[in-house]
Amino acid sequence: MHNQISNFKRSATQFAFGSITLAVVTLASFYLQTHFAAMALVYLLVILLFSLIGSFVASYALSVLAIAALAYCFVPPAFSLRIDDPQALPVVVAFLTVSIVGTHLIGRVRQEREATHEAAAQLRRGAADLKDREKRWRAIFEHNPAMYFMLDEAGTVLNVNTFGATQLGYARDELIGQSVLGIFLEEDRAFVHKCVRTCLEDIGQSHTWDVQKIRKDGSVLWVRENAKAMLWADDQPIVLIACEDVTERKRTELALQRSEAHLAQAQELSHTGSFGWNVATGEVFWSKENFRIFQLDPQTAPAPELVVERTHPDDKASVQEIIDRAMRDPRDFEHEYRLLLPDGSVKHIHARARATRTATGDIEFVGAATDITAARQVEQQLRRSEAYLAEAQRLSHTGSWSWDLYSLDFVYRSAEVDRLFGFEPQETVSIETIRSRVHPDDLPRLQEVQRQAIEGKEERFEYDFRILLADGGIRRIHSVAHVVVGSDGNVRELIGTHMDVTEQYAARERLENTLAALRESEQRFRDYAETASDWLWETGPDHQVTHLSEHTSAAGILATGLMGLPRWDIACDVEEEPEKWRQHRATLEAHLPFRDLVYRTVNRMGSPIYVRTSGKPFFDLNGNFLGYRGVSTDITALIRGDQTEQELRKAQAELAHVTRVTTLGELTTSIAHEINQPLAAIISNADACLGWMGRQTPDLSAARCSVEWIIEDAIRASEVIRRIRALAKKGEIEMVPLDINDVVKDVIALVARELVNHRVTLKTKLTEALPAILGDRIQLQQVIINLVMNGIEAMDAVTDRTRELVIQSSEDDTGYVQLTVTDCGVGIAEDDTDRVLDPFFTTKSSGLGMGLSICRSIVEAHAGRLSVVRKQGPGASFRFDLPLHKELVP
């Protein structure tokens with residue numbers, strides 16, 4: 001449309017100016033009287049001229065107008081369109097043809113010229129546009145704030161923008177023509193080369209990768225490269241790479257990754273897993289550590305039900321309650337529970353969560369679950385350790401404490417400290433309370449030691465003091481402490497221990513006493529050894545004497561010249577007792593110890609002596625026999641003493657018999673009464689029997705009863721006579737198991753008449769079922785009769801109170817049967833108590849003083865003891881203790 005309007009305007013202009021030119025030329029031809037042919041030529045020139053600038057239509061219109069002007073003005077008749085001249089018509093036709101053909105040709109030429117001009121203009125405009133685009137793109141390439149590289153197939157830099165080169169610290173010329181691998185890390189060059197090859201294999205396809213580049217100064221630049229291969233001139237492929245600086249983003253990502261790694265590491269180290277729980281959506285997030293704590297596969301979808309499933313059966317209810325409450329009331333929660341893991345182990349979990357609101361308004365719990373198993377185990381171990389420490393302190397009587405010198409209060413004190421001082425566990429203890437428990441004599445020293453320690457800032461100091469107990473007792477304390485210096489250089493605290501050393505003090509005193517006694521004993525035995533008649537001897541492997549105590553010869557115990565002689569050459573009874581010496585020599589040959597070998601020899605005076613010797617072999621480190629060492633004793637006096645003692649015992653037995661006979665004499669009246677009673681009863685019963693038999697009709701039943709009574713009385717009389725005969729019998733001691741109560745009953749039967757005659761009331765307290773003793777019945781009867789008779793005689797002078805004699809039997813805890821005879825007579829003077837059992841000591845005007853002495857001998861012969869028992873009130877009490885019969889002891 002625009003072209004049509006433009007053509008119309010140009011055609012109108014051509015026609016207008018062409019018409020005007022034709023009119024001017026016509027007027028000029030009229031003035032110049034130009035010939036018709038010349039005018040035709042002029043008109044043709046004008047038409048052709050204007051045809052150069054107009055269209056063919058305008059040129060055709062000008063041709064028609066020129067023919068009309070020629071026909072009207074220059075062809076006869078003039079000024080008429082009629083052509084009378086036949087010669088003019090061809091000219092007009094020729095003019096029209098030439099003008100039309102000429103204008104057409106000129107129009108075609110002009111169009112071609114215009115087309116050519118248009119094409120040239122278009123080429124010029126294209127070149128300009130291309131140049132502009134190249135300039136624009138170059139400007140963009142140069143000034144784009146991104147790094148651009150253009151590479152060839154070999155990776156050589158064809159071009160790089162100034163920004164990119166500057167970003168790497170290079171000038172463009174320093175990079176162009178160089179291998180692009182030079183700006184990458186050595187370890188990344190293979191990767192870059194591979195990426196470039198990938199682009200070249202896939203022309204036109206973009207590829208992206210992240211890689212590090214090295215600046216000229218050596219620093220690292222993270223870039224994201226977007227590369228694309230394309231064909232360049234001559235169909236040569238090039239790679240255009242746009243690089244985006246992602247260093248900060250990479251640093252942020254690395255920092256984030258590092259932070260996440262640190263967080264994961266921190267969670268792993270702290271055994272703390274994090275979790276998130278959106279209550280509305282049910283979405284749950286667990287960290288890696290959380291999965292590890294619950295021992296679940298990280299691919300497992302976390303859910304609150306997994307927590308309940310893993311929870312220990314005893315804690316499931318509480319955990320479910322926490323979850324339900326969190327869903328009902330979204331508030332922060334914190335709780336502890338245990339996990340029961342598949343391997344049977346148990347973990348302690350401490351979970352804390354905070355309720356937050358998300359951007360969508362939902363409530364989300366964000367929290368942490370910490371594995372506190374180790375802490376709980378440590379806590380249990382600590383509690384156990386504290387218990388052990390407390391028990392150890394209790395057992396060792398050692399308490400620990402820490403005292404604040406500023407607040408004058410205990411920072412810490414163990415239970416043992418409370419026990420040592422008598423404090424209540426929760427009692428607030430002041431310095432005055434402590435001082436009130438310390439012995440007043442120790443308080444000044446205690447304060448002085450602590451003052452010196454504080455002023456001298458000693459690392460360790462010790463002191464002893466005593467504690468006054470509530471019951472008046474004393475507890476000794478050994479304290480070890482040290483000072484604690486604060487940051488200001490002043491002593492702030494004392495830390496120490498109190499040890500109850502009361503027993504140690506007592507033990508030390510006992511030890512000192514023992515040592516003193518031991519030293520005294522040692523000195524005593526040294527004195528004994530120096531003055532003893534025993535001597536030490538030593539023989540060699542051949543049993544010849546090699547050593548004798550020095551005092552042996554000096555005291556004249558042995559004859560001289562014994563060194564080098566064997567024992568059987570020293571003895572004088574070898575021939576008398578060959579079997580003894582044979583056994584002795586066999587013992588020596590067997591290198592066995594021997595004891596109490598008695599043999600006879602002579603002393604320096606030539607008198608026979610008896611020697612008792614014991615010895616044991618001794619060997620060297622290799623076990624070689626070296627001889628015998630032993631001790632010998634001169635037992636001549638002992639043997640002679642035994643002989644004397646045997647004679648004395650024989651005399652005592654004779655005396656005891658005499659005593660019994662004497663006692664029987666004293667008991668004659670009672671014995672006669674005991675015998676007369678059954679004899680009188682026998683006579684009476686015999687008379688009665690005769691009476692019953694003498695009746696007209698004998699009463700045999702009554703007679704039989706009388707005979708039976710006669711027999712009983714005869715047996716009773718016979719028993720009395722048997723007891724008297726036994727008591728008067730002179731025989732050897734017969735040790736048999738006895739019930740001491742039966743012995744007492746025998747005695748009571750013998751002394752009953754004496755008790756009646758002396759108006760003495762007998763009271764017995766015999767313990768039933770006493771264990772048996774081993775003794776001679778007659779001798780024990782003699783002892784009891786002697787004690788009873790002494791008691792009866794001691795009460796003869798008593799007139800102001802009842803004469804009462806008490807016989808009591810019992811058993812003590814030491815395995816002895818006791819028998820006590822107590823009277824209420826005149827008693828024993830205080831000075832006579834210790835001598836009343838001695839021979840020939842008597843308080844009676846007619847006594848021999850042998851009764852109690854013989855009783856003591858009899859009791860001691862039974863391995864017992866006779867003693868005088870102190871009693872309250874008048875009278876005397878004698879008691880003898882006899883051991884139980886061992887074969888009858890259970």
Side-chain angles (χ1 to χ4, degrees), residues 336 375-513:
E336 288 188 13
R376 285 290 175 267
Q377 291 175 348
V378 171
E379 184 179 348
Q380 292 176 358
Q381 292 176 354
L382 180 60
R383 289 178 180 173
R384 191 180 299 113
S385 176
E386 289 179 349
Y388 291 158
L389 177 60
E391 185 64 16
Q393 289 192 350
R394 189 183 67 79
L395 293 175
S396 63
H397 305 293
T398 303
S400 54
W401 51 269
S402 176
W403 179 260
D404 191 327
L405 295 175
Y406 286 84
S407 63
L408 296 180
D409 192 7
F410 277 113
V411 177
Y412 165 78
R413 70 176 193 267
S414 66
E416 190 62 17
V417 171
D418 292 338
R419 193 193 68 79
L420 294 177
F421 279 86
F423 299 146
E424 294 296 331
Q426 303 301 327
E427 178 183 0
T428 301
V429 178
S430 64
I431 186 66
E432 290 75 16
T433 305
I434 298 175
R435 289 173 178 173
S436 66
R437 306 294 173 90
V438 178
H439 195 286
D441 295 343
D442 297 340
L443 191 57
R445 171 60 180 163
L446 178 64
Q447 294 173 332
E448 179 62 18
V449 170
Q450 292 182 349
R451 186 188 64 77
Q452 292 178 359
I454 295 172
E455 292 178 352
K457 301 178 182 178
E458 298 178 1
E459 293 184 356
R460 187 174 186 272
F461 60 96
E462 301 179 20
Y463 53 91
D464 292 348
F465 62 94
R466 291 169 290 178
I467 295 176
L468 291 174
L469 302 179
D471 58 359
I474 296 293
R475 178 172 289 149
R476 292 182 177 275
I477 302 297
H478 177 69
S479 182
V480 179
H482 65 87
V483 300
V484 176
V485 180
S487 58
D488 56 356
N490 296 321
V491 177
R492 301 184 58 84
E493 197 173 324
L494 298 178
I495 298 177
T497 59
H498 287 334
M499 178 181 291
D500 184 358
V501 293
T502 307
E503 294 184 358
Q504 287 85 334
Y505 263 88
R508 186 168 66 184
E509 291 179 355
R510 290 195 297 269
L511 180 60
E512 291 176 350
N513 294 333

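Hydrogens, waters and symmetry mates play no part in the numbers below; they use all other heavy atoms, side chains included.
Once rounded to the nearest 0.5 Å, the distance linking CG of D488 with CG of N490 reads 4.0 Å. Note: D409 CG to T428 OG1 = 7.0 Å, rounded to the nearest 0.5 Å. Here the straight-line distance linking atom NE2 of H478 with atom OG1 of T398 works out to 10.0 Å at 0.5 Å rounding. Atom OH of Y505 and atom CG of D500 lie 11.5 Å apart (nearest 0.5 Å). Of the inter-residue distances, the one linking R413 atom CZ with F423 atom CZ reads 6.5 Å to the nearest 0.5 angstrom. Of the inter-residue distances, the one linking Y463 atom OH with Q447 atom CD reads 11.0 Å to the nearest 0.5 angstrom.
Using modelled atom types, no side-chain atom of R492 and backbone atom of G486 make a donor-acceptor pair closer than 3.5 Å. For the pair S400 (side chain) and S414 (backbone), a donor-acceptor distance under 3.5 Å is absent. Formation of a donor-acceptor pair under 3.5 Å by the R475 side chain with backbone atoms of L469 is not found in this model.
I474 approaches T502 most closely through the heavy-atom pair O-CG2, 4.0 Å. The two atoms that bring L420 and I467 nearest to each other are O-CD1, 3.7 Å, heavy atoms only. Counting all heavy atoms, side chain and backbone alike, P440 lies closest to L468 at CD-CD1, 3.7 Å. V449 approaches E462 most closely through the heavy-atom pair CG1-O, 4.2 Å.
For E424, the CD atom counts as loosely surrounded, since its 6.0 Å shell holds 12 or fewer non-hydrogen atoms of other residues, nucleotides or ligands. Enclosure of atom CD in E503 is not indicated, since only 12 or fewer non-hydrogen atoms of other residues, nucleotides or ligands lie within 6.0 angstrom. At most 12 heavy atoms of other shown residues, nucleotides or ligands fall within 6.0 angstrom of atom CZ in R383.
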Can you list the steps and then say if E432 with R435 is a salt bridge (charged side-chain N to carboxylate O under 4.0 Å, His left out)? CA-CA 5 Å; E432 290 75 16; R435 289 173 178 173; 5.4 Å; no
List the steps and the verdict of side-chain contact (heavy atoms from CB on, under 4.5 Å) for D441 and R466. CA-CA 9 Å; D441 295 343; R466 291 169 290 178; 3.6 Å; yes
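Side-chain contact check for I495 versus E493: some heavy-atom pair is nearer than 4.5 Å. Counting only heavy atoms from C-beta outward, the side chains of E427 and D418 never approach each other to under 4.5 Å. At a threshold of 4.5 Å between non-hydrogen side-chain atoms, the residues L408 and W403 count as touching. Side-chain contact check for I434 versus V429: some heavy-atom pair is nearer than 4.5 Å.
In this structure, a donor-acceptor pair under 3.5 Å is present between the side chains of E448 and Q452. Judged by distance alone, the side chains of S436 and T433 never bring a donor and an acceptor atom under 3.5 Å apart.
Taking the six-membered ring where tryptophan is involved, the planes of W401 and H498 are tilted, since the angle between them lies from 30° to 60°.
At a threshold of 4.0 Å, the pair D464-R476 does not count as salt-bridged, since none of the basic side-chain nitrogens sits closer than that to a carboxylate oxygen.
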